Amino acid sequence: MPKILLIIPYFGRWPFWFDLFLHTCRFNPTVNWLLIGDAEIPQDAPSNVAFKRVTYEAYLEYVSDRLGIQFKPTRPYKLCDLKPMYGFLHEEELKKFDFWGFCDLDVVFGDLRHFLNDELLAHDVISCHATRISGHFALLRNTPVLREAFRMVEGWSDRVCDQKNHQLDEKAFSKLFIRYKNYPAWLRPFLPGFNRLGVRCSFIERYSTPDCRIAWEDGSRNFPSEWYWRDGRLTNNASDNSYMYFHFLYWKQNFWKQDYKKEGGHLLSGGAQTFEATPDCTFFKIDQNGFYQNDSQFIGS
């Protein structure tokens, strides 16, 4: 079974749903995560989630030295522009892994290995969007070519050093692997410069980020209003399918802003309800109001 490491630098307090994120990692024991930051390490974290505690200033210095640039962003959110470089930045930690990747913390996972099967992992680049690299979850094979592919992005060092977030992962980095995204998928491989790196790519829409730009599976804007996690399987009230993960970006940005606080660009607390997920938790539900442990009431409200 190919070994996978997902890397997440995150500075500041953990978001209020963090124990639910970790709980869904626990139910994916054959996938590994490395979280790098300055927050306190949870005592009951699952064994497949490793933590590396470092100050923000020390991490910026490390990135600067490793990339040979002056990387001094004022807001930790700018670290998202480093996603294409995680394989190079953390090459040492990746020695025993076949794939490296990145994901966000505002997600809960379903059964990842159900989707990351042998057929899919025969590819070198795996995205959960049909026409671009998905910044909330993407995998790349652990090869020298893909660890340093970011160097092919025009002006990458200037973009990284700029205080503005350029969304390099979903924009400029994507263009190394998929061009002519508005053309039919069958036609793209025949067009010049379609895949500059010549690697096998999988771009499949997983419908993981509802209510945003991409329509739902049936082509409508009728998105799920509830998502359910049960014993590692993720479903919702709009389909009988199971899903790889749920990226609740829209609800976070639009419904959880009551008593809203930010630190370094990260949502810390808001109008959403939540509960503490103990290791024996077998079910929870999410809707625009927050996280429930059962269907009848909020736990801890």
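Just so it is clear, the model here is predicted, and its values are computed rather than measured.
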Least distance between heavy atoms, [X] atom then [Y] atom:
X      : Y      : value
Ser202 : Leu120 : OG-CD1, 3.2 Å
Leu234 : Gly110 : CB-CA, 3.7 Å
Ser134 : Cys128 : OG-N, 2.8 Å
Ala130 : Ile178 : O-CD1, 3.6 Å
Ile41  : Arg53  : CD1-CB, 4.4 Å
Leu79  : Phe71  : CD2-CE2, 3.6 Å

When you measure from the side chain of [X] to the backbone N and O of [Y], does any donor-acceptor pair fall under 3.5 Å?
X      : Y      : value
Arg141 : His123 : yes
Ser127 : Ala138 : no
Ser174 : Ile133 : yes
Asp98  : Lys3   : yes

At what distance, to the nearest 0.5 angstrom, does [atom1] of [X] lie from [atom2] of [Y]?
X      : Y      : atom1 : atom2 : value
Tyr207 : Met244 : OH    : CE    : 15.0 Å
Arg230 : Ser242 : CZ    : OG    : 14.0 Å
Leu35  : Cys25  : CG    : SG    : 7.5 Å
Met85  : Asp81  : CE    : CG    : 7.0 Å
Asp111 : Asp231 : CG    : CG    : 11.0 Å
Met1   : Asn117 : CE    : CG    : 10.5 Å

Kindly say whether the aromatic ring centers of [X] and [Y] come within a distance under 6.0 Å.
X      : Y      : result
Tyr245 : His136 : yes
Phe248 : Trp17  : yes
Trp33  : Phe109 : yes

Sequence neighbours left out, what pairs pass salt bridge (charged side-chain N to carboxylate O under 4.0 Å, His left out) with at least one residue falling in [range]?
range            : result
residues 204-224 : none
residues 38-48   : none
residues 155-173 : Lys83-Asp169, Arg132-Glu170

> Take atom CD in Gln163; do more than 12 heavy atoms of anything else shown fall under 6.0 Å from it?
Replying inline: yes
>> Could you check whether atom CG of Asp240 has more than 12 heavy atoms from other residues, nucleotides or ligands sitting under 6.0 Å from it?
In response: no
> With sequence neighbours left out, what residues match Thr282 under side chain to side chain donor-acceptor pair (under 3.5 Å)?
Replying inline: none
>> Here's a test for you: under ring-ring contact (aromatic ring centres under 6.0 Å, His included), which of Trp229, Trp256, Trp251 qualifies with Phe291?
In response: Trp256
>> Could you walk me through whether Leu140 and Phe102 satisfy the side-chain contact (heavy atoms from CB on, under 4.5 Å) test, starting with their C-alpha distance in whole Å, then the side-chain angles of each, then the deciding distance to 0.1 Å, before giving a yes or no?
In response: CA-CA 9 Å; Leu140 297 94; Phe102 40 81; 4.1 Å; yes
Between [X] and [Y], how do the two ring planes meet: parallel, tilted or perpendicular, split at 30° and 60°?
X      : Y      : result
Tyr56  : Phe11  : perpendicular
Phe173 : Phe177 : perpendicular
His90  : Tyr86  : perpendicular

> Please walk me through it: do Thr143 and Asp124 pass side-chain contact (heavy atoms from CB on, under 4.5 Å)?
Replying inline: CA-CA 9 Å; Thr143 65; Asp124 300 307; 5.8 Å; no
> Would you say Val107 and Phe115 are hydrophobically clustered, going by side-chain heavy atoms of ILVMFWY under 4.5 Å?
Replying inline: yes
> If two hydrophobic side chains count as joined below 4.5 Å and joins carry through other members, does Tyr10 share a cluster with Leu249?
Replying inline: no
Any [X] side-chain heavy atom under 4.5 Å of [Y] side chain:
X      : Y      : result
Gln273 : Tyr292 : no
Leu22  : Pro42  : yes
Glu93  : Asn32  : no
Thr209 : Ile214 : no
Leu6   : Leu34  : no
Asn237 : Tyr228 : yes
Phe150 : Leu89  : no
Phe246 : Pro210 : yes

>> Between Asn195 and Cys201, is the side-chain contact (heavy atoms from CB on, under 4.5 Å) condition met? List the steps.
In response: CA-CA 9 Å; Asn195 180 345; Cys201 301; 3.6 Å; yes
>> Is there a side-chain contact (heavy atoms from CB on, under 4.5 Å) between Ile126 and Phe137? Walk through the geometry before answering.
In response: CA-CA 9 Å; Ile126 298 167; Phe137 190 102; 5.9 Å; no
>> If the condition is side chain to side chain contact (heavy atoms under 4.5 Å, CB included), which residues does Asn236 pass it with, not counting sequence neighbours?
In response: Trp216, Pro224, Trp227, Ala238, Ser239, Tyr243
>> If we count only N and O atoms by modelled type, under 3.5 Å, do the side chains of Asn142 and Arg147 hold a donor and an acceptor together?
In response: yes
> Just checking, is any N or O donor in the side chain of Asp287 or Ser225 under 3.5 Å from an acceptor N or O on the other one?
Replying inline: no
>> Strictly by side-chain hydrogen bond (donor to acceptor under 3.5 Å, both in side chains), give each pair with a member in residues 61-71 just once, sequence neighbours left out.
In response: Arg66-Glu91
